[in-house]
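These numbers were taken from a predicted model, which means no experiment stands behind them. These numbers come from the heavy atoms of this one structure, side chains and all, not from hydrogens, waters or symmetry mates. Each chain gets a letter, A, B and so on, in the order its sequence line appears, and its residues count up from 1.
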Number of protein chains: 2
Amino acid sequence: MEKQTVTIYDVAREAAVSMATVSRVVNGNPNVKPATRKKVLEVIDRLDYRPNAVARGLASKKTTTVGVIIPDVTNAYFSSLARGIDDIAMMYKYNIILTNSDENGGKEVQVLNTLMAKQVDGIIFMGNQVTDELREEFKRSKAPVVLAGSVDAEKAQPSVNIDYVAAVAEAVKNLIDHGNQKIAFVSGPMDQAINHDYRLKGYKKALKDAGISYDDKLVFETDYTYKAGQSLEPALTAAGATAAFVGDDELAAGVMNGLTDAGVDVPGEFEVITSNDTKLTELVRPKMSSITQPLYDIGAVAMRLLTKLMNNETVDENTVILPYGLMKRSSTK
Amino acid sequence: MEKQTVTIYDVAREAAVSMATVSRVVNGNPNVKPATRKKVLEVIDRLDYRPNAVARGLASKKTTTVGVIIPDVTNAYFSSLARGIDDIAMMYKYNIILTNSDENGGKEVQVLNTLMAKQVDGIIFMGNQVTDELREEFKRSKAPVVLAGSVDAEKAQPSVNIDYVAAVAEAVKNLIDHGNQKIAFVSGPMDQAINHDYRLKGYKKALKDAGISYDDKLVFETDYTYKAGQSLEPALTAAGATAAFVGDDELAAGVMNGLTDAGVDVPGEFEVITSNDTKLTELVRPKMSSITQPLYDIGAVAMRLLTKLMNNETVDENTVILPYGLMKRSSTK
DNA sequence: CGCAACATTGAAAACGCTTTCAAGTCAAAG
DNA sequence: CTTTGACTTGAAAGCGTTTTCAATGTTGCG
């Protein structure tokens, strides 16, 4: 009843050659006489032979699949990177094992281990924080690991990012240039390196450059959800803020809509600038000004870098920094 | 230089037992004397032995990974399903190989083949159209295939969906009840079954039930993008439509924003109702009324169904229909 | 025509694990 | 003290490829 699978052995027999020869033609090895190649190809076609990738993986120690750890596919920022990753992966004949981590350290470690057990040829990690434990796991992995749109303070792993500090500083400076003195810093969990080591640093830098003193009452730490942003309005108003830099687009949309719904005019009375330049920025009204990041490219470049690493090619620069920009839309003056 | 991998053989030697026994303890086989189990476990821990899933897959003919074909991870509707799929997959110890198809038939077939080559234990397909060729491939697959949020007119494959015809009919009826006579039907490519065989059918049904005659000048076929929706305004106005049913949220956001930007008041002068109830509906202003679908659950249930199929359990119903609803927000009266 | 050099091929050993089957162990039962 | 049946264990045969190494065929040239 079970469908019979045809193996390389069957092909060899039918074509009256050895398995080695069949293997050669399947893998495009040039050391095969054209006539034999043709004969084998015909049999392969006739028998509808499909090489078993698992067996191939065991024998060759290469699985042509890479693991991708993503906080949440549902998040526009990360799914954009994921798309870039998958496209390039496909281009280089790799497949992607995608797993959501919810940025949960324990889950990340566990997932990483199952990926390694599955003998992936490489790993791309996305997440706002690289814990010590995770870093250790990365080190013992024999498959190369590259971080995409994710920072590691230790810079131990190859990665591709933008210059978050500079980008945020520029965004905040923009707000300052518009005359704002009390600028809120709204971000996700402050225990994530991306927030406290990069974004906050850029925020402080901009303030300092402008001679504005830092006030931690203007720092709002929440989780990355629309709702969280939406319910921030009272606090924002109470703190006397007239503008905000927000670390995530969905969160920013929440902040902005919360403000608007409460009757605060954006950007008239309150300016908002966000970080990720996902589609969302264009959908909301007013459209959100944002730091621009080459989302797709961050993923694509990360994957490309990974292919080089997997191929043992020497790469000139392990940590690549892509250019960012500032896109003025309608949530700032 | 290359890190040495420790195999089941090493463990067997160190623990002075056979590979079979090690295999048993690793797999939780109860037929092992507690004392031996303990001894083996200690060695495993000491050597930091990690079973090689590829070898395991070859020997057992099970890879504990399932293939997932998705039009585009970047699309909120499908990424929500994907999240549901992955969560349940993880719960059942499966991993997901995720590949974007762009709804391109050729790519879908190709991807399906590489998935099968990788010996996935099952496949979940998402896409708005199942071509004949694809259907053939599904049939020859020895791994079970289930469709998630995707229809196949032939109903040849197990699937989980909502009742699109009824849902759309109800949405359109709602528009009719508000006094609209000229209701636009805005959808993606009409050659996709989901559009012409389901949504359009529901649309026509609602019209018919209300005694309104069908006018194909009110049917707008575009692609599923925000921009496409946005640029539809002139045509919509020209056709004299006062309301629209839209088949995709991002597209709907475009339609609505295009209207608003052109000075048309939504919902005052023009009502819009959309289909997928993704996060987007809450982000835009006015918030969009929508058919509600249990997105996450569609994915989750599909994956659960797949686990049963992979396990050869008998399932009572191959095609499961989940409940839908109608959520009135602010883009309808 | 003989030989070196190169092109083709096949045999068989991995790859790391699961699984079948037979054998060995041991305690309870007779 | 044997027998029986339930437990435990190990040997070895796969699983479907890749890959090494040696063998065999060919071709070009002096």
Side-chain angles (χ1 to χ4, degrees), chain A residues 2-41 43-44 47-65 114 116-121 142, chain B residues 2-41 43-44 47-65 93 114 116-121 142-143:
Chain A
E2 187 60 29
K3 293 168 194 169
Q4 197 55 51
T5 63
V6 3
T7 73
I8 198 174
Y9 178 77
D10 299 318
V11 176
R13 181 171 30 74
E14 288 290 309
V17 298
S18 71
M19 287 164 45
T21 300
V22 178
S23 175
R24 290 192 186 94
V25 350
V26 168
N27 293 295
N29 183 316
N31 300 331
V32 180
K33 192 161 52 172
T36 348
R37 178 188 311 283
K38 178 149 175 286
K39 183 174 56 175
V40 172
L41 249 17
V43 175
I44 285 180
L47 266 41
D48 191 29
Y49 165 67
R50 324 268 192 106
N52 177 324
V54 173
R56 216 201 279 241
L58 181 59
S60 69
K61 295 175 166 305
K62 299 224 165 303
T63 54
T64 64
T65 108
T114 100
M116 285 164 43
K118 294 215 170 170
Q119 314 297 119
V120 295
D121 295 336
K142 54 176 147 185
Chain B
E2 187 58 31
K3 293 168 194 169
Q4 197 55 51
T5 63
V6 4
T7 74
I8 197 173
Y9 179 76
D10 299 317
V11 176
R13 182 171 29 72
E14 289 289 311
V17 298
S18 72
M19 288 164 46
T21 299
V22 178
S23 175
R24 290 195 185 92
V25 350
V26 168
N27 292 296
N29 183 315
N31 300 332
V32 180
K33 193 162 50 171
T36 5
R37 176 188 309 282
K38 179 151 175 284
K39 184 174 57 175
V40 172
L41 249 18
V43 175
I44 286 181
L47 266 42
D48 191 30
Y49 165 67
R50 323 267 192 106
N52 177 323
V54 173
R56 214 201 279 242
L58 181 59
S60 69
K61 294 176 168 305
K62 298 225 165 304
T63 54
T64 63
T65 107
K93 312 281 189 201
T114 101
M116 284 163 44
K118 294 216 169 170
Q119 314 297 121
V120 294
D121 295 337
K142 54 176 147 185

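At whole-Å resolution of the value, CG in N29(B) and P in dT18(C) are 11 Å apart. L58(A) has its CG atom 4 Å from the C1' atom of dC15(C), to the nearest Å. In this structure, NZ of K33(B) is placed 7 Å from P of dC26(C), rounded to the nearest angstrom.
The side chain of N27(B) places an N or O atom within less than 4.0 Å of a non-bridging phosphate oxygen (OP1 or OP2) of dT18(C). Taking side-chain N and O atoms only, T5(B) has a distance below 4.0 Å to OP1 or OP2 of dG16(C).
If you take NZ on K93(B) and OG1 on T65(B), they are separated by 15.5 Å, rounding to the nearest 0.5 Å. Taking CD from Q119(B) and OG1 from T5(A), the interatomic distance works out to 8.0 Å, rounded to the nearest 0.5 Å. Interatomic distance, CD1 of I44(A) versus CD of E14(A), reported as 12.0 Å (0.5 Å rounding). Residue D121(A) holds its CG atom at 11.0 Å from NZ of K142(A), rounded to the nearest 0.5 Å.
In terms of modelled atom types and a separation under 3.5 Å, the side chain of K118(B) and the main chain of T64(A) share a donor-acceptor contact. Using modelled atom types, one side-chain atom of S60(B) and one backbone atom of R56(B) make a donor-acceptor pair closer than 3.5 Å.
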* Before giving the answer on side chain to side chain contact (heavy atoms under 4.5 Å, CB included), spell out for V17(A) and V22(A) the whole-Å C-alpha distance, their side-chain angles and the decisive distance to 0.1 Å. => CA-CA 7 Å; V17(A) 298; V22(A) 178; 3.8 Å; yes

* What do the steps show when you test T21(A) against R24(A) for side chain to side chain contact (heavy atoms under 4.5 Å, CB included), and what is the final call? -> CA-CA 5 Å; T21(A) 300; R24(A) 290 192 186 94; 3.8 Å; yes

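Residues from residues 8-20 of chain A with heavy atoms under 4.0 angstrom of DNA chain D, sorted by number: I8(A), M19(A), A20(A).
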What pairs of donor and acceptor atoms, side-chain ones from residues 29-36 of chain B against any protein atom, are under 3.5 angstrom apart with sequence neighbours left out?
residue : atom : partner : partner atom : Å
N29(B)  : OD1  : N31(B)  : N            : 2.8
T36(B)  : OG1  : K33(B)  : O            : 2.7

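Among the heavy atoms of the strands lying under 4.0 Å from V32(A) are primed sugar atoms or P, OP1, OP2 only; no base atom is included. N31(B) comes within 4.0 angstrom of a base, heavy atoms only. Residue contacts shown for S23(B) include a base, since a base heavy atom lies under 4.0 Å away. Within 4.0 Å (heavy atoms only), R50(A) reaches sugar-phosphate atoms of the nucleic acid but no base atom.
Protein chain A touches strand DNA chain D; the 5'-most and 3'-most nucleotides with an atom under 4.0 angstrom of its non-hydrogen atoms are dG16(D) to dT20(D).
Each of dC15(C), dC17(C), dT8(C) was ranked by its minimum atom distance to the side chain of P51(B); first place goes to dC17(C). In the set dT20(C), dG16(C), dC17(C), dT20(C) carries the atom at the smallest distance from any side-chain atom of R24(B).
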